[in-house]
Amino acid sequence: MKRRNAALRPYRSLFSLRGYFFFFATVALVTTSSLLLFLHSVNLDEQTVRQSAPITLFNILFISLLFTLFDGFRRKWSYERPMKRILEAANQLSRGEYNVRIEPLHIPESMNEFDLIIESVNKLAKELNGVETLRSDFVANVSHELKTPLAVMQNYGTMLQQPGLPEEKRLEYAHAITAASRRLSDLISNILKLNRLENQQIYPQAIEYNLSEQLSESILVFEDALDQKGLELETDIPDNISVKADSELLSTVWNNLISNAIKFTNQGGKITVRLSKEGSGAMVTVADNGCGMSPETGAHIFEKFYQGDTSHATQGNGLGLALVKRIIDIVGGEISVKSIQGKGSTFTVWLGMD
């Protein structure tokens, strides 16, 4: 508080002694110069000049005082008012109050430099508020996602310690612990990978490779998962369609999209994977006839930890599609989703071939 008061002190007084001396010297110089020119052109006796000198000095003192007060009012209105607002907002930002906003001084047509500074401070506060909200949500979601598999591992680990536990139950509990630990490992891996992507610590290595082969290999990885749910798989993948991109990053994209399709498709449903040339690029489509999603869910589907269908929350951690979106952005592609609730979703990825 003392530092803030010190910063505002030059604007607190209407009368400034330093300002008064400045105006006095200026007025005295102008008046003296004018008098010398005037006296040079007229003949006045010395007595008259001597009698007029005190009155002239008093007038100089009075005019200097008027100028000083006028300048004080001008400074208070033009500088102290906006400076107080800006400094107060800066203090609030430093205390973590990111919802602070400063009212502009003028309408847009007559904005000055202070209005531009205020606009920048408001923009900074808005960005910081958004970052703080994301940080809080991220910490809360990570904490929640970490607690769930840890609780599963702890509970089943405790049950494994029961004496005389049948072999069947022991294997069931051990399998549950393994599944929970795998989910925990995937969560941490995705968090680290997403963090590196967002901080631009992963640089794509663009090489030309066979996208048709990569998609086919990605589908084979999920063969068991497809069989377990009795899902029908339809593929339309022409041979030898190549793209120039980072194959490792895009492998993560296909794995997440196919995994999501399996996750949200009911027993006996259908999944379709297509690849085609589209203009100067290649288009990959992953579609399902599962639960689909509402327009509200679709608007947030690429956000971190967002899970529109909480009934499937135990099968993922809400990072997969955020990771997909970030990778597609990095490799210079495009991704879109069309979905009808109760009828399924279709994810479309476009990649440039060059």
Side-chain angles (χ1 to χ4, degrees), residues 137-197 202 214-233 248-271 273 286 288-291 293 301 303-324 326-327 345 347:
D137 290 347
F138 184 81
V139 171
N141 285 319
V142 167
S143 301
H144 173 74
E145 293 293 339
L146 288 173
K147 282 180 181 178
T148 304
L150 286 173
V152 170
M153 293 164 66
Q154 184 177 8
N155 292 336
Y156 281 107
T158 302
M159 289 190 287
L160 274 174
Q161 298 174 28
Q162 297 175 4
L165 190 68
E167 182 68 13
E168 181 183 347
K169 287 293 182 182
R170 186 183 66 79
L171 290 174
E172 179 187 339
Y173 297 162
H175 176 74
I177 291 174
T178 302
S181 64
R182 187 179 295 114
R183 182 186 171 196
L184 186 61
S185 175
D186 290 343
L187 171 64
I188 294 171
S189 175
N190 281 340
I191 289 174
L192 293 175
K193 191 179 290 185
L194 189 57
N195 181 65
R196 291 175 65 195
L197 285 169
I202 293 179
Q214 187 182 51
L215 277 173
S216 300
E217 290 170 1
S218 295
I219 291 170
L220 287 174
V221 171
F222 294 97
E223 205 170 49
D224 290 341
L226 289 165
D227 290 340
Q228 286 175 11
K229 294 189 75 171
L231 300 178
E232 178 188 348
L233 176 66
E248 185 178 345
L249 287 177
L250 286 178
S251 178
T252 302
V253 171
W254 316 135
N255 289 340
N256 273 287
L257 291 180
I258 296 171
S259 173
N260 251 32
I262 295 171
K263 171 182 171 182
F264 290 104
T265 303
N266 297 326
Q267 197 85 16
K270 180 180 178 181
I271 292 174
V273 180
V286 180
D288 64 72
N289 62 352
C291 60
M293 53 188 162
I301 198 66
E303 295 177 9
K304 287 181 289 189
F305 291 105
Y306 187 82
Q307 293 179 329
D309 183 2
T310 54
S311 65
H312 295 81
T314 56
Q315 301 175 35
N317 49 54
L319 284 176
L321 289 178
L323 197 58
V324 165
R326 188 64 185 132
I327 290 173
S345 303
F347 286 85

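Values below: all heavy atoms of this structure, side chains included; hydrogens, waters and symmetry mates excluded.
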Does any part of the side chain of F347, heavy atoms only, come nearer than 4.5 Å to the side chain of L321, both counted from C-beta? yes

Looking at side-chain heavy atoms only, is the closest gap between N289 and T265 below 4.5 Å? yes

Any heavy-atom pair between the side chains of L184 and L150 that's under 4.5 Å? yes

Atom OG1 of T252 and atom CG of L257: how far apart are they, to the nearest 0.5 Å? 10.5 Å

Restricting to side-chain contact (heavy atoms from CB on, under 4.5 Å), what partner residues turn up for E223, sequence neighbours left out? L220, D227

Show the nearest heavy-atom pair for residues G268 and L231, with the distance to one decimal. N-CD2, 4.0 Å

State which residues pass salt bridge (Lys or Arg N to Asp or Glu O under 4.0 Å) with E217; sequence neighbours excluded, sorted by chain then number. none

To the nearest 0.5 Å, what is the distance between OH on Y156 and NE2 on H175? 10.0 Å

Hits for side-chain contact (heavy atoms from CB on, under 4.5 Å) against A180, two or more places apart or cross-chain, chain-then-number order -> P149, V152, M153

List for me each residue that meets salt bridge (Lys or Arg N to Asp or Glu O under 4.0 Å) alongside R170, sequence neighbours excluded, and say none if there are none. E167

Which residues pass the side-chain contact (heavy atoms from CB on, under 4.5 Å) test with E248, sequence neighbours left out? D246

Between I258 and I271, does the side-chain contact (heavy atoms from CB on, under 4.5 Å) criterion hold? Intermediate values first, please. CA-CA 8 Å; I258 296 171; I271 292 174; 5.6 Å; no

Find the distance between CG (L233) and NZ (K270) and round it off to the nearest 0.5 Å. 10.0 Å

Qualifying residues under side-chain contact (heavy atoms from CB on, under 4.5 Å), relative to Q161, sequence neighbours excluded: none

Nearest atoms (heavy-atom pairs only) where M293 meets S345: CE-OG, 4.1 Å

Under a 4.5 Å cut-off applied to non-hydrogen side-chain atoms, are N255 and F222 in contact? yes

For K229 and K263, the nearest pair of non-hydrogen atoms, with its separation, is NZ-O, 3.6 Å

Is a donor on one side and an acceptor on the other found under 3.5 Å between the side chain of S185 and the backbone of S181? no

I177 and L160, any side-chain heavy atoms less than 4.5 Å apart: yes

